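What follows is a set of notes on a single structure, which appears directly below.
All values derive from a computational prediction rather than experimental measurement.
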Amino acid sequence: MARIQVLIGCLCAALVGVFYYYAAHASPLFELSLTTTSLFSPVQTVTSVRVEPGAGPQDVVVYLQAPSVAWVQEHRLPGHYLIDIPFGLITEQTQVTLSPELYPRVTLGNMDAKSGRLLLTPSPVHVEVFLQHDWQSPDPSRLDPLENLVLQVPSQEVLAPLVELPKRSAYLTIDDGPWPGSTPAILAALEELDIPATFFLIGAHVDAYPQLAEAIAAHSFQIANHTYTHDYHRLYSSDEFFFSEVAQTQARFQQLGLRPGPIVRPPGGFPLSEALRLSLAQAGYRVIYWNMSAEDAYANQTSEQLVKRIQAQLQKFSGSDQPLIILLHDRWPYTAEALPEIVHLIREAGYQFQPLPI
């Protein structure tokens, strides 16, 4: 038995040696096929990547230079170290420098040319990543990002996620939670009605009320991303801020074990730039708007007002089989009060509630 264990150990060591031999002698280059002829432009690029030895014998330091406030995620994979730069693409224009002291011990590669993923092989013991950017925040005293923001989302953006959904299907989405004064009542109403729902949660609210977010997940409702601050002026002052808030919120959800879906709803329903939509898509997100709303985000309303708005909008869809994505908000008590009648009206119109496919 001991002899077999020794043989197995020797075999494993040999395989590891072969792996590191080929990894160490591979050419340090990027195999890229990315072009910038996409409809989504301009494309932000990382201008330079410099990899140098770290303090320890198996340590490396990575310096990234980008024109935006791009952010990075780092992951350890079997035998590799992955640096993910979702908003800063690494392209053939990116200047890549690998210290001679590291080559051929460490090689560089790009897992996916369109996602800006930098791969170090074999995985160093320790990696430090420094990101320098040239982007400067606009002076808020001289520029209000909302002044020139187009308020109307193009119809193709709203309808695109609905194309593949079943006809006469309805998807209930609830934004802006969680809130201690309203979330429990909405959860109770949904349980009583026995319908699925997707909660687009604000990251800062989840940090403030993590137990409520966990309660949503415990009820088996879907959780999705509504940015971290919901601050229009911050989010829409730059694509970089918007993207970083989505990433921050998603990471927080994952830390709490909430298993968020890869979908984002822009606060206020504002349209996103083509470059930002491309970056979100490259990071695996889908952007979801809505085509029916009770307009319940404001104070001092009644449940009857909400029901009448849904009823009026249903009449506009009477000759259409188009699916419905219904927007409600988790903020005021009248939303939970109106839910039973809203659900009854939609079902009576021949729609079937389904979970949002994510």
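Inter-residue side-chain proximity for Y285 and V246 is flagged as met; some heavy-atom pair is nearer than 4.5 Å.
For the residue pair Y171 / S169, a side-chain donor-acceptor distance below 3.5 Å is found, with atom types taken as modelled. Remark: the S293 side chain and the R309 side chain contain no N/O donor-acceptor pair separated by less than 3.5 Å.
Residue pairs satisfying the salt bridge (Lys or Arg N to Asp or Glu O under 4.0 Å) criterion with at least one member in residues 279-290, sequence neighbours excluded, are absent. The salt bridge (Lys or Arg N to Asp or Glu O under 4.0 Å) pairs that include a residue from residues 334-348 number zero, where partners must be two or more places apart or lie in different chains. Counting only residues at least two apart or on different chains, the salt bridge (Lys or Arg N to Asp or Glu O under 4.0 Å) pairs with a member in residues 241-253 are D207-R252, R234-E245.
Cluster note: V125 groups with no other residue, as no ILVMFWY side-chain heavy atom lies under 4.5 Å from it. The hydrophobic cluster analysis finds I202 isolated: no Ile, Leu, Val, Met, Phe, Trp or Tyr side chain comes under 4.5 Å of it, directly or through other members.
The backbone N or O of D175 lies less than 3.5 Å from no partner atom in the side chain of H329, so there is not a single donor-acceptor pair.
A single hydrophobic cluster is seen to contain both V264 and W290, as judged by linkage of ILVMFWY side chains at heavy-atom distances under 4.5 Å, directly or through other members.
Atom CZ of R168 and atom OG of S320 lie 7.5 Å apart (nearest 0.5 Å).
Residue D296 is tested with I310, I342, L306 for a side-chain contact (heavy atoms from CB on, under 4.5 Å); the sole match is L306.
The heavy-atom pair separating P355 from P196 by the smallest distance is N-CG, 3.4 Å. Residues L162 and P323 share a closest heavy-atom pair of O-CG, 3.8 Å. Counting all heavy atoms, side chain and backbone alike, G177 lies closest to D330 at CA-OD2, 3.8 Å.
Residues that satisfy the side-chain hydrogen bond (donor to acceptor under 3.5 Å, both in side chains) test with T249, not counting sequence neighbours, are absent from this structure.
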- Show your reasoning for whether ring pair (Phe, Tyr, Trp, His ring centres under 6.0 Å) applies to Y232 and H230. CA-CA 6 Å; Y232 294 167; H230 201 281; 5.5 Å; yes
